[in-house]
Amino acid sequence: MEHEGGLRSIFQAYTEYRKRHRKMNEFEYLDQTMYLHSSEYLRELYRGADKKEKKQKLFDYIQRFEVNDKEFKGYYSLYEQIGRELGYIEDEEYIQIPKSLIAEYARQMMDDEDFVKYNMRGQRK
């Protein structure tokens, strides 16, 4: 019985190792298959992709099946993640503008509109 527990832990460790270090032929298969695998399976492959070439295979696979659109959430998020890592997709930069500045701008726009209306009325007279 003691050997059974030790043997089980060896197999579990080997399974985890295989998941983390997938063979290249598992990724090359993606070039030839006519079937779209689930995004969960592709994400599992991604977790084991320890080389740029493997990640490139996944990226190309998602493009080939045209599921690299926001409509396909699972595929799209993986596609973006790999794309950023490979340098194909850049992170968008956002500038935060303080609310007080936006409010001041809106006030000025309102004042300018009133000024334009007043001048237009004054010219008609």
Side-chain angles (χ1 to χ4, degrees):
M1 288 229 173
E2 289 178 32
H3 299 292
E4 188 177 307
L7 200 55
R8 183 177 302 137
S9 63
I10 290 171
F11 282 119
Q12 286 174 339
Y14 178 70
T15 302
E16 284 300 313
Y17 173 82
R18 288 218 2 109
K19 280 183 181 179
R20 277 191 245 119
H21 303 285
R22 299 259 181 193
K23 293 181 182 176
M24 189 61 181
N25 63 1
E26 290 180 81
F27 292 87
E28 288 172 349
Y29 167 76
L30 297 175
D31 290 338
Q32 297 150 6
T33 185
M34 298 173 17
Y35 304 105
L36 176 63
H37 292 286
S38 70
S39 60
E40 291 85 19
Y41 174 71
L42 297 178
R43 189 164 294 281
E44 184 181 318
L45 284 178
Y46 172 71
R47 287 186 199 112
D50 54 352
K51 294 182 181 177
K52 185 178 178 179
E53 295 81 25
K54 293 177 181 179
K55 294 173 184 175
Q56 184 67 52
K57 294 277 185 195
L58 286 167
F59 190 80
D60 294 343
Y61 178 81
I62 293 171
Q63 274 188 324
R64 181 165 59 100
F65 280 96
E66 298 177 356
V67 288
N68 54 345
D69 190 271
K70 288 182 180 179
E71 181 180 346
F72 308 100
K73 292 178 185 176
Y75 295 102
Y76 181 72
S77 66
L78 180 59
Y79 177 79
E80 274 199 324
Q81 186 175 0
I82 297 169
R84 281 191 193 95
E85 199 170 320
L86 295 176
Y88 298 129
I89 299 172
E90 294 183 18
D91 288 328
E92 295 180 14
E93 291 185 33
Y94 293 98
I95 300 172
Q96 287 189 326
I97 301 173
K99 289 180 183 177
S100 59
L101 187 59
I102 295 171
E104 180 61 32
Y105 178 75
R107 259 187 252 110
Q108 287 179 0
M109 292 300 291
M110 295 293 285
D111 290 345
D112 288 348
E113 272 187 38
D114 290 341
F115 179 75
V116 170
K117 287 179 187 175
Y118 177 77
N119 279 343
M120 286 177 63
R121 285 188 205 136
Q123 291 174 354
R124 287 185 194 162
K125 289 185 178 181

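Predicted model only: the values in this text are computed from it and were never measured. Residue numbers start at 1 and run along the sequence shown. Only this structure's heavy atoms are used, side chains among them; waters, hydrogens and symmetry mates stay out.
Taking the side-chain contact (heavy atoms from CB on, under 4.5 Å) definition, one finds that Tyr41 meets it with His37, Ser38, Leu45, sequence neighbours left out. Residues forming a ring pair (Phe, Tyr, Trp, His ring centres under 6.0 Å) with Tyr105 (at least two apart in sequence, or on another chain): none.
Both Leu78 and Ile89 are part of a single hydrophobic cluster, where members link through side-chain heavy atoms under 4.5 Å apart. Tracing side-chain contacts under 4.5 Å through hydrophobic residues (I, L, V, M, F, W, Y), one reaches Ile62 starting from Phe72; they form part of the same cluster.
With rounding to the nearest 0.5 Å, the separation of OH in Tyr46 from NZ in Lys54 is 13.5 Å. Distance check, rounded to the nearest 0.5 Å: CG of Leu42 to CG of Leu30 gives 6.5 Å. Going from atom CG of Asp60 over to atom CG of Asn68 covers 11.0 Å, rounded to the nearest 0.5 Å. The NZ atom of Lys52 sits 11.5 Å away from atom CZ of Phe59, with the distance rounded to the nearest 0.5 Å. Between the CD atom in Glu53 and the CG atom in Leu86 there is a gap of 10.0 Å [rounded to 0.5 Å]. Rounding to the nearest 0.5 angstrom, the gap separating the CE atom in Met34 from the CZ atom in Arg64 is 10.0 Å.
Of the N and O atoms on the side chains of Glu66 and Tyr75, not one donor lies less than 3.5 Å from an acceptor on the other residue. Of the N and O atoms on the side chains of Tyr79 and Gln63, at least one donor lies less than 3.5 Å from an acceptor on the other residue.
For the pair Arg84 and Glu80, the salt-bridge criterion is met [side-chain N within less than 4.0 Å of a carboxylate O]. Under a 4.0 Å N-O distance rule, the pair Glu104/Arg107 qualifies as a salt bridge.
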Query raised in the report: Hey, mind stepping through Gln81 and Leu58 against side-chain contact (heavy atoms from CB on, under 4.5 Å) and telling me if it holds?
Result: CA-CA 11 Å; Gln81 186 175 0; Leu58 286 167; over 6 Å; no
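Residues Thr33 and Phe65 approach most closely at O-CZ, 4.0 Å, considering heavy atoms.
Side-chain contact between Tyr29 and Lys23 is absent, with no heavy atoms from C-beta onward closer than 4.5 Å. Between Tyr61 and Leu36 the shortest side-chain heavy-atom distance falls below 4.5 Å. Taking 4.5 Å as the limit, some side-chain heavy atom of Arg43 sits within range of a side-chain heavy atom of Ser77.
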